[in-house]
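The model shown is predicted, which means the values in this text are computed figures rather than measured ones.
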Amino acid sequence: MEKRILQDAQDFRLKCYRRMLLIDGVEDYAIQDYQEDWRDAQKKVKMLFAYLDSHDVTPEEEGELLLTIFVGLQVGFRNTELMERATDRAFELLPQLPQGKLLCHLLVYLYDETEDETMLEDIDHLFSSFPRPLTQEDRYLQETYRNTIDSIPYRMLAV
């Protein structure tokens, strides 16, 4: 895979995280801006799916692009069809990925979609193994994960 594609994917993820977490936002974020961001993200996600469907990639490269798809799908209105496609593909990919950051990032989004609490221990373990200092993307993921955990009311965590 071309390095440019992976770099573009990371740049797009960071842009989407900033939009999701309301960082660098403008005070007057009109519905037209929201819709434009959504359209742009949907277009990018569809391009990434097309790339995955037409190119041979390593499991790690596929994971990076799926992560980008998950983050892109957080921008704007929910597209259930694309989210289900990404979720199914990510579950198929998980056994092929080594323990590490990429696996953790994907698990956070899979947990957000499934609320499968069996993933929590793995996510927490993987987060604890991240090298320090954390990258900006890792910090964004941690905030996204905390927001996910906090947004699910009445969660009964095993003690």
Distance from [X] atom [atom1] to [Y] atom [atom2], nearest 0.5 Å?
| X | Y | atom1 | atom2 | result |
| --- | --- | --- | --- | --- |
| D37 | C16 | CG | SG | 8.5 Å |
| L21 | R139 | CG | CZ | 12.0 Å |
| L103 | E60 | CG | CD | 10.5 Å |
| Y111 | T118 | OH | OG1 | 10.0 Å |
| F70 | L110 | CZ | CG | 4.5 Å |
| I123 | H125 | CD1 | NE2 | 12.5 Å |

inquiry  = Let me check something: do L65 and Y140 share a hydrophobic cluster, defined by ILVMFWY side-chain heavy atoms less than 4.5 Å apart, either directly or through other members?
reply    = yes

key: Identified side chain to side chain donor-acceptor pair (under 3.5 Å) partner of Y145 from the options D124, D150, D112   = D124

ask   = Which residues pass the salt bridge (charged side-chain N to carboxylate O under 4.0 Å, His left out) test with D8, sequence neighbours left out?
value = R4

Set of residues satisfying salt bridge (charged side-chain N to carboxylate O under 4.0 Å, His left out) with respect to E61, sequence neighbours excluded = none

Student check: side-chain heavy atoms of [X] and [Y] closer than 4.5 Å:
| X | Y | result |
| --- | --- | --- |
| F130 | T135 | no |
| K101 | E137 | no |
| T114 | M119 | yes |
| L82 | I69 | no |
| T144 | M20 | yes |

message = As a quick check of understanding, evaluate side chain to side chain contact (heavy atoms under 4.5 Å, CB included) for V108 and F127, giving each step before the final call.
response = CA-CA 10 Å; V108 167; F127 265 135; 4.2 Å; yes

query = Going by atom types only, do Q142 and D138 share a side-chain donor-acceptor pair under 3.5 Å?
reply = no

Chi angles and distances behind the side chain to side chain contact (heavy atoms under 4.5 Å, CB included) call for I149, L120 = CA-CA 10 Å; I149 296 293; L120 293 175; 3.7 Å; yes

query = Which heavy atom of A41 sits nearest a heavy atom of V75, and at what distance?
reply = CB-CB, 3.9 Å

remark   = Sorted by chain and number, sequence neighbours left out, ring-ring contact (aromatic ring centres under 6.0 Å, His included) with F49 holds for none

message = Taking side-chain hydrogen bond (donor to acceptor under 3.5 Å, both in side chains) as the cut-off, I'd like each qualifying pair that reaches into residues 42-51, sequence neighbours left out, listed once.
response = Q42-N79

message = Show every side-chain hydrogen bond (donor to acceptor under 3.5 Å, both in side chains) that has at least one partner inside residues 64-78, sequence neighbours left out.
response = R13-E64, R13-T68, R78-E113

Which donor-acceptor pairs under 3.5 Å do side chains of residues 87-98 form with protein atoms, sequence neighbours excluded?
unit_1: T87; atom_1: OG1; unit_2: M83; atom_2: O; d: 2.8
unit_1: R89; atom_1: NE; unit_2: E62; atom_2: OE2; d: 2.7
unit_1: R89; atom_1: NH1; unit_2: D53; atom_2: OD1; d: 3.0

message = Which residue is it: L66, L73, L67? I am looking for the one with a side chain to side chain contact (heavy atoms under 4.5 Å, CB included) to Y109.
response = L67

